Number of protein chains: 2
Amino acid sequence: MAKPYHHGDLRAGLLDAAETLLDTEGIAALSLRAIARAAGVSHAAPKHHFRDLTGLLTALTTIGFERFRAALLAEVHPEMPPASRLRALGSAYLGFARAHPGLFQLMFRSERLDWTSPDLRQAASAAFAVLSDIDAPSGASAGPIPREGLVRALARWSFVHGVATLWLDGRVAAMAAKHQQPDPGGIVHDMLAWLP
Amino acid sequence: MAKPYHHGDLRAGLLDAAETLLDTEGIAALSLRAIARAAGVSHAAPKHHFRDLTGLLTALTTIGFERFRAALLAEVHPEMPPASRLRALGSAYLGFARAHPGLFQLMFRSERLDWTSPDLRQAASAAFAVLSDIDAPSGASAGPIPREGLVRALARWSFVHGVATLWLDGRVAAMAAKHQQPDPGGIVHDMLAWLP
DNA sequence: CATTAAATCTTTATGCTGGAAAGATTTGGC
DNA sequence: GCCAAATCTTTCCAGCATAAAGATTTAATG
(Lines give C-alpha, C1' and ligand atoms only; values in the text may rest on other atoms or scores of the structure.)
Protein backbone atom coordinates (compact mmCIF):
# COMPACT_ATOMS: atom_id res chain seq x y z
CA MET A 1 0.00 0.00 0.00
CA ALA A 2 1.50 3.24 -1.14
CA LYS A 3 1.20 6.45 0.80
CA PRO A 4 -2.35 7.71 0.43
CA TYR A 5 -2.89 10.99 -1.28
CA HIS A 6 -4.83 12.35 1.66
CA HIS A 7 -3.16 12.45 5.00
CA GLY A 8 -6.17 11.99 7.22
CA ASP A 9 -5.58 14.68 9.80
CA LEU A 10 -2.84 16.81 8.40
CA ARG A 11 -3.60 19.74 10.63
CA ALA A 12 -2.84 17.76 13.76
CA GLY A 13 0.02 16.00 12.02
CA LEU A 14 1.67 19.29 11.20
CA LEU A 15 1.29 20.58 14.73
CA ASP A 16 2.76 17.34 16.06
CA ALA A 17 5.65 17.47 13.64
CA ALA A 18 6.28 21.10 14.52
CA GLU A 19 6.39 20.39 18.23
CA THR A 20 8.72 17.44 17.79
CA LEU A 21 10.96 19.56 15.63
CA LEU A 22 10.84 22.34 18.21
CA ASP A 23 11.84 19.97 21.01
CA THR A 24 14.60 18.23 19.11
CA GLU A 25 16.11 20.86 16.84
CA GLY A 26 15.13 24.09 18.52
CA ILE A 27 13.08 27.09 17.52
CA ALA A 28 15.36 28.03 14.64
CA ALA A 29 14.54 24.76 12.85
CA LEU A 30 10.86 25.61 12.62
CA SER A 31 10.57 26.25 8.91
CA LEU A 32 7.43 25.55 6.98
CA ARG A 33 9.27 23.22 4.67
CA ALA A 34 10.95 21.30 7.46
CA ILE A 35 7.65 20.83 9.25
CA ALA A 36 5.98 19.65 6.05
CA ARG A 37 8.87 17.25 5.41
CA ALA A 38 8.57 15.84 8.92
CA ALA A 39 4.85 15.36 8.40
CA GLY A 40 5.50 13.62 5.11
CA VAL A 41 3.76 16.06 2.80
CA SER A 42 4.82 18.62 0.25
CA HIS A 43 5.83 22.06 1.43
CA ALA A 44 2.69 23.63 0.01
CA ALA A 45 0.30 21.27 1.79
CA PRO A 46 0.14 23.29 5.04
CA LYS A 47 -1.33 26.18 3.11
CA HIS A 48 -4.74 24.58 3.21
CA HIS A 49 -4.77 24.27 7.00
CA PHE A 50 -2.77 27.31 8.01
CA ARG A 51 -2.45 30.50 6.10
CA ASP A 52 1.32 30.56 6.45
CA LEU A 53 4.11 29.74 8.87
CA THR A 54 2.90 32.41 11.26
CA GLY A 55 -0.52 30.78 11.28
CA LEU A 56 0.93 27.37 12.09
CA LEU A 57 3.15 28.69 14.86
CA THR A 58 0.26 30.70 16.24
CA ALA A 59 -1.84 27.54 16.47
CA LEU A 60 1.01 25.67 18.14
CA THR A 61 1.52 28.52 20.58
CA THR A 62 -2.18 28.52 21.41
CA ILE A 63 -1.87 24.87 22.39
CA GLY A 64 1.19 25.82 24.41
CA PHE A 65 -0.73 28.39 26.40
CA GLU A 66 -3.50 25.90 27.08
CA ARG A 67 -0.99 23.41 28.40
CA PHE A 68 0.70 26.14 30.36
CA ARG A 69 -2.56 27.05 32.02
CA ALA A 70 -3.22 23.40 32.85
CA ALA A 71 0.27 23.05 34.33
CA LEU A 72 -0.31 26.06 36.56
CA LEU A 73 -3.77 24.95 37.65
CA ALA A 74 -2.47 21.49 38.48
CA GLU A 75 -0.23 22.91 41.18
CA VAL A 76 -2.63 25.31 42.80
CA HIS A 77 -5.33 24.09 45.17
CA PRO A 78 -7.94 26.22 46.88
CA GLU A 79 -7.26 24.76 50.32
CA MET A 80 -3.66 25.97 50.23
CA PRO A 81 -2.80 29.06 52.25
CA PRO A 82 -2.14 32.03 49.93
CA ALA A 83 1.60 32.03 50.50
CA SER A 84 1.85 28.37 49.52
CA ARG A 85 -0.29 28.95 46.46
CA LEU A 86 2.04 31.71 45.39
CA ARG A 87 5.13 29.55 45.81
CA ALA A 88 3.50 26.61 44.05
CA LEU A 89 2.48 28.79 41.15
CA GLY A 90 5.94 30.27 40.76
CA SER A 91 7.46 26.83 40.91
CA ALA A 92 5.04 25.53 38.30
CA TYR A 93 5.83 28.50 36.05
CA LEU A 94 9.54 27.73 36.21
CA GLY A 95 8.90 24.01 35.85
CA PHE A 96 7.00 24.53 32.63
CA ALA A 97 9.69 26.78 31.21
CA ARG A 98 12.33 24.18 32.01
CA ALA A 99 10.31 21.23 30.76
CA HIS A 100 9.30 22.89 27.50
CA PRO A 101 11.91 25.50 26.70
CA GLY A 102 11.12 25.58 23.00
CA LEU A 103 7.43 26.09 23.53
CA PHE A 104 8.14 28.68 26.20
CA GLN A 105 10.34 30.61 23.80
CA LEU A 106 7.66 30.43 21.16
CA MET A 107 5.06 31.71 23.59
CA PHE A 108 7.04 34.59 24.95
CA ARG A 109 9.72 35.67 22.58
CA SER A 110 8.73 34.77 19.08
CA GLU A 111 8.25 37.48 16.52
CA ARG A 112 6.45 35.08 14.22
CA LEU A 113 3.12 35.01 16.01
CA ASP A 114 -0.16 36.55 15.01
CA TRP A 115 -1.36 38.23 18.18
CA THR A 116 -4.54 39.33 16.48
CA SER A 117 -5.69 35.72 16.52
CA PRO A 118 -8.69 35.47 18.89
CA ASP A 119 -7.77 31.89 19.81
CA LEU A 120 -4.27 32.84 20.82
CA ARG A 121 -5.41 35.89 22.73
CA GLN A 122 -8.00 33.91 24.59
CA ALA A 123 -5.60 31.10 25.49
CA ALA A 124 -2.91 33.51 26.65
CA SER A 125 -5.38 35.57 28.60
CA ALA A 126 -6.78 32.50 30.32
CA ALA A 127 -3.30 31.38 31.33
CA PHE A 128 -2.41 34.78 32.74
CA ALA A 129 -5.69 34.92 34.60
CA VAL A 130 -4.48 32.01 36.73
CA LEU A 131 -1.66 34.25 37.85
CA SER A 132 -3.68 37.33 38.65
CA ASP A 133 -6.50 35.40 40.29
CA ILE A 134 -4.26 33.97 42.93
CA ASP A 135 -5.70 36.12 45.69
CA ALA A 136 -9.22 35.10 44.73
CA PRO A 137 -8.91 31.64 43.22
CA SER A 138 -12.57 30.82 43.63
CA GLY A 139 -13.37 31.92 40.13
CA ALA A 140 -13.98 35.52 41.11
CA SER A 141 -12.29 36.73 37.94
CA ALA A 142 -15.48 38.22 36.60
CA GLY A 143 -14.83 41.90 37.25
CA PRO A 144 -11.67 43.91 36.72
CA ILE A 145 -9.06 44.02 39.45
CA PRO A 146 -8.42 47.39 41.16
CA ARG A 147 -5.24 49.15 40.20
CA GLU A 148 -3.31 48.18 43.32
CA GLY A 149 -4.01 44.53 42.79
CA LEU A 150 -3.16 44.74 39.13
CA VAL A 151 0.21 46.30 39.89
CA ARG A 152 0.90 43.59 42.44
CA ALA A 153 -0.15 40.82 40.09
CA LEU A 154 1.97 42.21 37.27
CA ALA A 155 4.90 42.55 39.65
CA ARG A 156 4.63 38.89 40.61
CA TRP A 157 4.30 37.84 37.05
CA SER A 158 7.27 39.97 36.00
CA PHE A 159 9.42 38.46 38.69
CA VAL A 160 8.72 34.84 37.84
CA HIS A 161 8.92 35.55 34.15
CA GLY A 162 12.23 37.31 34.58
CA VAL A 163 13.62 34.38 36.52
CA ALA A 164 12.46 31.96 33.84
CA THR A 165 13.89 34.10 31.06
CA LEU A 166 17.29 34.67 32.60
CA TRP A 167 17.46 31.02 33.54
CA LEU A 168 16.65 29.71 30.09
CA ASP A 169 19.11 32.16 28.56
CA GLY A 170 21.86 30.76 30.72
CA ARG A 171 22.43 34.03 32.58
CA VAL A 172 21.85 32.48 35.96
CA ALA A 173 24.36 29.76 35.22
CA ALA A 174 26.86 32.30 33.92
CA MET A 175 26.43 34.49 36.97
CA ALA A 176 26.70 31.53 39.31
CA ALA A 177 29.87 30.34 37.63
CA LYS A 178 31.36 33.80 37.83
CA HIS A 179 30.78 33.89 41.56
CA GLN A 180 31.86 30.29 42.05
CA GLN A 181 28.51 28.90 43.04
CA PRO A 182 28.02 25.33 41.86
CA ASP A 183 24.24 24.90 41.80
CA PRO A 184 22.29 27.20 39.46
CA GLY A 185 19.10 25.17 39.90
CA GLY A 186 19.22 25.60 43.63
CA ILE A 187 19.85 29.30 43.25
CA VAL A 188 16.81 29.63 41.02
CA HIS A 189 14.78 27.82 43.64
CA ASP A 190 16.01 30.14 46.37
CA MET A 191 15.21 33.18 44.27
CA LEU A 192 11.53 32.35 44.57
CA ALA A 193 11.72 33.47 48.19
CA TRP A 194 11.85 37.02 46.86
CA LEU A 195 8.54 36.69 45.03
CA PRO A 196 6.60 39.90 45.74
CA MET B 1 33.65 61.50 -8.52
CA ALA B 2 32.27 58.03 -8.60
CA LYS B 3 31.89 55.88 -5.55
CA PRO B 4 35.34 54.78 -4.47
CA TYR B 5 36.10 51.11 -4.47
CA HIS B 6 37.13 51.19 -0.86
CA HIS B 7 34.64 52.35 1.67
CA GLY B 8 37.02 53.79 4.23
CA ASP B 9 35.59 52.34 7.41
CA LEU B 10 33.19 49.70 6.32
CA ARG B 11 33.18 47.94 9.64
CA ALA B 12 31.78 50.98 11.43
CA GLY B 13 29.57 51.74 8.45
CA LEU B 14 27.99 48.32 8.62
CA LEU B 15 27.37 48.58 12.34
CA ASP B 16 25.82 51.99 11.83
CA ALA B 17 23.63 50.75 9.03
CA ALA B 18 22.58 47.75 11.08
CA GLU B 19 21.58 49.88 14.03
CA THR B 20 19.61 52.29 11.87
CA LEU B 21 17.86 49.37 10.24
CA LEU B 22 17.17 47.87 13.64
CA ASP B 23 15.65 51.11 14.90
CA THR B 24 13.56 51.79 11.83
CA GLU B 25 12.53 48.40 10.49
CA GLY B 26 12.86 46.17 13.53
CA ILE B 27 14.93 43.14 14.36
CA ALA B 28 13.39 41.00 11.60
CA ALA B 29 14.83 43.31 8.94
CA LEU B 30 18.39 42.63 10.03
CA SER B 31 19.59 40.55 7.10
CA LEU B 32 23.16 40.61 5.94
CA ARG B 33 22.08 41.71 2.49
CA ALA B 34 19.87 44.51 3.74
CA ILE B 35 22.63 45.81 5.98
CA ALA B 36 25.13 45.69 3.12
CA ARG B 37 22.66 47.50 0.85
CA ALA B 38 22.12 50.20 3.48
CA ALA B 39 25.88 50.62 3.78
CA GLY B 40 26.20 50.86 0.00
CA VAL B 41 28.32 47.78 -0.63
CA SER B 42 27.81 44.38 -2.12
CA HIS B 43 26.31 41.66 0.00
CA ALA B 44 29.58 39.80 0.26
CA ALA B 45 31.58 42.77 1.48
CA PRO B 46 30.81 42.25 5.19
CA LYS B 47 32.57 38.90 5.06
CA HIS B 48 35.92 40.59 5.38
CA HIS B 49 34.99 42.41 8.58
CA PHE B 50 32.62 39.92 10.17
CA ARG B 51 32.62 36.22 9.68
CA ASP B 52 28.88 36.12 9.05
CA LEU B 53 25.61 37.69 10.13
CA THR B 54 26.03 36.27 13.60
CA GLY B 55 29.40 37.95 13.85
CA LEU B 56 28.00 41.32 12.83
CA LEU B 57 25.08 41.10 15.23
CA THR B 58 27.41 39.97 17.99
CA ALA B 59 29.54 43.06 17.47
CA LEU B 60 26.47 45.29 17.46
CA THR B 61 25.19 43.65 20.62
CA THR B 62 28.54 44.17 22.29
CA ILE B 63 28.20 47.89 21.63
CA GLY B 64 24.68 47.67 23.00
CA PHE B 65 25.87 46.20 26.27
CA GLU B 66 28.52 48.90 26.59
CA ARG B 67 25.89 51.58 26.11
CA PHE B 68 23.61 49.77 28.49
CA ARG B 69 26.29 49.79 31.15
CA ALA B 70 26.91 53.49 30.60
CA ALA B 71 23.19 54.22 30.86
CA LEU B 72 23.01 52.38 34.18
CA LEU B 73 26.12 54.03 35.58
CA ALA B 74 24.85 57.45 34.59
CA GLU B 75 21.91 57.11 36.96
CA VAL B 76 23.68 55.69 39.96
CA HIS B 77 25.73 57.91 42.25
CA PRO B 78 27.71 56.81 45.31
CA GLU B 79 26.23 59.47 47.55
CA MET B 80 22.72 58.14 47.03
CA PRO B 81 21.18 56.06 49.81
CA PRO B 82 21.00 52.38 48.79
CA ALA B 83 17.23 52.41 48.32
CA SER B 84 17.46 55.34 45.94
CA ARG B 85 20.27 53.71 44.04
CA LEU B 86 18.15 50.62 43.60
CA ARG B 87 15.20 52.59 42.30
CA ALA B 88 17.37 54.66 40.00
CA LEU B 89 18.97 51.56 38.58
CA GLY B 90 15.65 49.88 37.94
CA SER B 91 14.35 53.00 36.30
CA ALA B 92 17.43 53.26 34.11
CA TYR B 93 17.07 49.62 33.11
CA LEU B 94 13.50 50.17 31.98
CA GLY B 95 14.41 53.46 30.36
CA PHE B 96 17.04 51.81 28.22
CA ALA B 97 14.68 49.05 27.17
CA ARG B 98 12.08 51.60 26.17
CA ALA B 99 14.52 53.92 24.41
CA HIS B 100 16.24 51.15 22.45
CA PRO B 101 13.76 48.32 22.12
CA GLY B 102 15.47 46.81 19.10
CA LEU B 103 18.87 46.75 20.73
CA PHE B 104 17.36 45.39 23.91
CA GLN B 105 15.74 42.55 22.00
CA LEU B 106 19.01 41.80 20.30
CA MET B 107 20.82 41.75 23.63
CA PHE B 108 18.40 39.54 25.46
CA ARG B 109 16.37 37.46 23.09
CA SER B 110 18.26 36.95 19.92
CA GLU B 111 19.24 33.46 18.86
CA ARG B 112 21.72 34.82 16.35
CA LEU B 113 24.46 35.79 18.77
CA ASP B 114 27.80 34.16 19.37
CA TRP B 115 28.06 33.96 23.12
CA THR B 116 31.51 32.44 22.89
CA SER B 117 32.80 35.84 21.78
CA PRO B 118 35.08 37.17 24.54
CA ASP B 119 34.17 40.75 23.68
CA LEU B 120 30.47 40.09 24.05
CA ARG B 121 30.92 38.14 27.25
CA GLN B 122 33.06 40.83 28.75
CA ALA B 123 30.66 43.63 27.81
CA ALA B 124 27.65 41.74 29.10
CA SER B 125 29.41 40.77 32.28
CA ALA B 126 30.50 44.34 32.93
CA ALA B 127 26.94 45.58 32.47
CA PHE B 128 25.52 42.99 34.83
CA ALA B 129 28.20 43.79 37.37
CA VAL B 130 26.65 47.24 37.77
CA LEU B 131 23.50 45.48 38.92
CA SER B 132 25.10 43.10 41.38
CA ASP B 133 27.50 45.67 42.78
CA ILE B 134 24.73 47.92 43.96
CA ASP B 135 25.30 47.11 47.62
CA ALA B 136 28.99 47.87 47.31
CA PRO B 137 29.30 50.41 44.50
CA SER B 138 32.76 51.52 45.50
CA GLY B 139 34.39 49.20 43.06
CA ALA B 140 34.50 46.29 45.50
CA SER B 141 33.60 43.88 42.76
CA ALA B 142 36.94 42.14 42.98
CA GLY B 143 35.97 39.01 44.84
CA PRO B 144 32.94 36.78 44.39
CA ILE B 145 29.70 37.59 46.14
CA PRO B 146 28.47 35.17 48.83
CA ARG B 147 25.56 32.98 47.88
CA GLU B 148 22.94 35.02 49.73
CA GLY B 149 23.95 38.19 47.99
CA LEU B 150 24.05 36.48 44.62
CA VAL B 151 20.53 35.17 45.04
CA ARG B 152 19.36 38.63 46.04
CA ALA B 153 21.12 40.29 43.12
CA LEU B 154 19.72 37.78 40.65
CA ALA B 155 16.26 38.25 42.13
CA ARG B 156 16.48 42.00 41.59
CA TRP B 157 17.77 41.55 38.11
CA SER B 158 15.06 39.02 37.27
CA PHE B 159 12.38 41.36 38.47
CA VAL B 160 13.47 44.36 36.47
CA HIS B 161 14.19 42.23 33.45
CA GLY B 162 10.79 40.63 33.67
CA VAL B 163 9.11 44.01 33.85
CA ALA B 164 11.06 45.23 30.83
CA THR B 165 10.28 42.08 28.86
CA LEU B 166 6.57 41.98 29.57
CA TRP B 167 6.36 45.68 28.92
CA LEU B 168 8.10 45.55 25.56
CA ASP B 169 5.99 42.56 24.55
CA GLY B 170 2.85 44.56 25.18
CA ARG B 171 1.64 42.27 27.96
CA VAL B 172 1.42 45.07 30.48
CA ALA B 173 -0.66 47.12 28.10
CA ALA B 174 -2.89 44.14 27.31
CA MET B 175 -3.37 43.37 30.98
CA ALA B 176 -4.05 47.02 31.79
CA ALA B 177 -6.62 47.24 29.02
CA LYS B 178 -8.31 44.07 30.20
CA HIS B 179 -8.72 45.53 33.65
CA GLN B 180 -9.68 48.95 32.37
CA GLN B 181 -6.62 50.80 33.56
CA PRO B 182 -5.65 53.63 31.24
CA ASP B 183 -1.97 54.22 31.99
CA PRO B 184 0.40 51.28 31.34
CA GLY B 185 3.47 53.45 31.73
CA GLY B 186 2.35 54.57 35.16
CA ILE B 187 1.64 51.00 36.15
CA VAL B 188 5.12 49.97 35.10
CA HIS B 189 6.51 52.77 37.21
CA ASP B 190 4.50 51.69 40.21
CA MET B 191 5.64 48.11 39.78
CA LEU B 192 9.16 49.20 40.67
CA ALA B 193 7.98 49.61 44.26
CA TRP B 194 8.00 45.81 44.47
CA LEU B 195 11.68 45.58 43.59
CA PRO B 196 13.20 43.01 45.99
C1' DC C 1 59.84 54.76 -8.29
C1' DA C 2 58.60 49.93 -9.51
C1' DT C 3 57.09 45.59 -8.11
C1' DT C 4 54.76 42.60 -5.34
C1' DA C 5 51.92 41.09 -1.46
C1' DA C 6 47.97 42.03 1.27
C1' DA C 7 43.61 43.98 2.06
C1' DT C 8 39.23 45.15 0.41
C1' DC C 9 35.30 44.84 -2.42
C1' DT C 10 32.43 42.60 -6.44
C1' DT C 11 30.64 38.90 -9.13
C1' DT C 12 28.99 34.51 -9.47
C1' DA C 13 27.11 30.22 -7.83
C1' DT C 14 24.70 26.91 -4.60
C1' DG C 15 21.14 25.65 -1.66
C1' DC C 16 17.98 26.98 1.64
C1' DT C 17 13.61 29.55 2.79
C1' DG C 18 8.36 31.50 2.26
C1' DG C 19 4.83 32.15 -0.67
C1' DA C 20 1.80 32.19 -4.98
C1' DA C 21 -0.26 29.77 -8.78
C1' DA C 22 -1.82 26.01 -11.26
C1' DG C 23 -2.56 21.18 -11.75
C1' DA C 24 -3.73 16.40 -9.91
C1' DT C 25 -6.32 13.42 -6.85
C1' DT C 26 -9.72 12.18 -3.66
C1' DT C 27 -13.94 12.91 -1.11
C1' DG C 28 -18.64 14.01 -0.47
C1' DG C 29 -23.13 16.03 -1.87
C1' DC C 30 -26.76 15.48 -4.99
C1' DG D 1 -22.98 8.40 -11.53
C1' DC D 2 -21.60 13.20 -11.74
C1' DC D 3 -20.10 17.49 -10.30
C1' DA D 4 -18.20 20.60 -6.87
C1' DA D 5 -15.33 21.12 -3.06
C1' DA D 6 -11.49 19.82 -0.37
C1' DT D 7 -6.92 18.28 -0.19
C1' DC D 8 -2.39 17.59 -1.75
C1' DT D 9 1.61 18.10 -5.43
C1' DT D 10 4.28 20.43 -8.82
C1' DT D 11 6.20 24.36 -10.51
C1' DC D 12 7.76 28.89 -10.13
C1' DC D 13 9.64 33.32 -8.21
C1' DA D 14 12.19 36.23 -5.04
C1' DG D 15 14.98 36.78 -0.97
C1' DC D 16 18.27 34.98 2.13
C1' DA D 17 23.27 33.07 3.94
C1' DT D 18 27.32 31.48 2.60
C1' DA D 19 31.36 30.14 -0.22
C1' DA D 20 34.57 30.73 -4.02
C1' DA D 21 36.85 33.20 -7.41
C1' DG D 22 37.93 37.46 -9.60
C1' DA D 23 38.82 42.64 -9.68
C1' DT D 24 40.66 46.74 -7.57
C1' DT D 25 43.07 49.45 -4.39
C1' DT D 26 46.45 50.08 -0.75
C1' DA D 27 50.73 49.21 1.45
C1' DA D 28 55.21 47.28 1.94
C1' DT D 29 59.58 46.23 0.18
C1' DG D 30 63.49 46.84 -2.57
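Computed over heavy atoms, backbone and side chain alike; hydrogens, waters and symmetry mates excluded. Naming: A, B, ... by sequence-line order, numbering from 1 per chain. All figures in this text were calculated on a predicted structure; none of them were measured in a lab.
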Exercise for the section: List for me each residue that meets side chain to side chain contact (heavy atoms under 4.5 Å, CB included) alongside B:Thr20, sequence neighbours excluded, and say none if there are none. Expected result: B:Thr24
Practice task
Rounded off to whole Å, could you give me the CZ-to-P distance for the A:Arg37 and C:dC16 pair?
Solution key: 8 Å
Handout entry: Spacing of A:Asp9 atom CG relative to D:dC8 atom P, expressed in whole Å
Key = 9 Å
Problem - Side-chain N or O of A:Lys47 closer than 4.0 Å to phosphate OP1/OP2 of D:dC8 - result: no
Handout entry: Any B:His48 side-chain nitrogen or oxygen under 4.0 Å from OP1 or OP2 of C:dT8
Key = yes
Completion exercise
Separation of D:dA17 atom P from B:Leu32 atom CG, nearest Å, is 5 Å
Practice task
Specify the separation, in whole Å, of atom CG of B:Asp52 and atom C1' of C:dC16.
Solution key: 16 Å
Practice task
Answer yes or no: is there a side-chain heavy-atom contact under 4.5 Å between A:Leu103 and A:Leu60?
Solution key: yes
Completion exercise
Residue pairs passing the salt bridge (charged side-chain N to carboxylate O under 4.0 Å, His left out) test with at least one member in residues 176-191 of chain B, sequence neighbours excluded, are A:Arg147-B:Asp190
Problem - Per B:Val41 side chain, nearest of listed nucleotides D:dT18, C:dT10, C:dA20 - result: C:dT10
Handout entry: Pairs meeting criterion salt bridge (charged side-chain N to carboxylate O under 4.0 Å, His left out) with involvement of residues 51-73 of chain A, two or more places apart
Key = A:Glu19-A:Arg67
Exercise for the section: Please name all residues satisfying ring-ring contact (aromatic ring centres under 6.0 Å, His included) with A:His49, sequence neighbours left out, ordered by chain then number. Expected result: none
Problem - Length of the line joining B:Leu53:CG and D:dG15:C1', which is rounded to integer Å - result: 14 Å
Problem - Atom-to-atom span, CG of B:Leu30 to P of D:dG15 - whole angstrom - result: 18 Å
Practice task
With sequence neighbours excluded, tell me which residues meet ring-ring contact (aromatic ring centres under 6.0 Å, His included) with B:Phe65.
Solution key: B:Phe108, B:Phe128
Short N/O separations, protein against nucleotides 10-13 of chain D, under 3.5 angstrom:
residue : atom : partner : partner atom : Å
D:dT11  : O4   : A:His43 : NE2          : 3.2

Exercise for the section: Have a look at A:Arg51 and say if it touches a base, only the backbone sugar-phosphate, or nothing, with a 4.0 Å heavy-atom cut-off. Expected result: nothing
Exercise for the section: Could you check how far CD of B:Glu25 sits from P of D:dG15, rounded to whole Å? Expected result: 15 Å
Exercise for the section: Please work out whether the ring planes of B:Phe104 and B:His161 are parallel, tilted or perpendicular, with thresholds of 30° and 60°. Expected result: tilted
Handout entry: Value in whole Å for how far the P atom of C:dA7 lies from CZ of B:Arg11
Key = 16 Å
Practice task
Output the single nucleotide from D:dC8, D:dT18, C:dC9 whose closest atom is nearest the side chain of B:His49.
Solution key: C:dC9
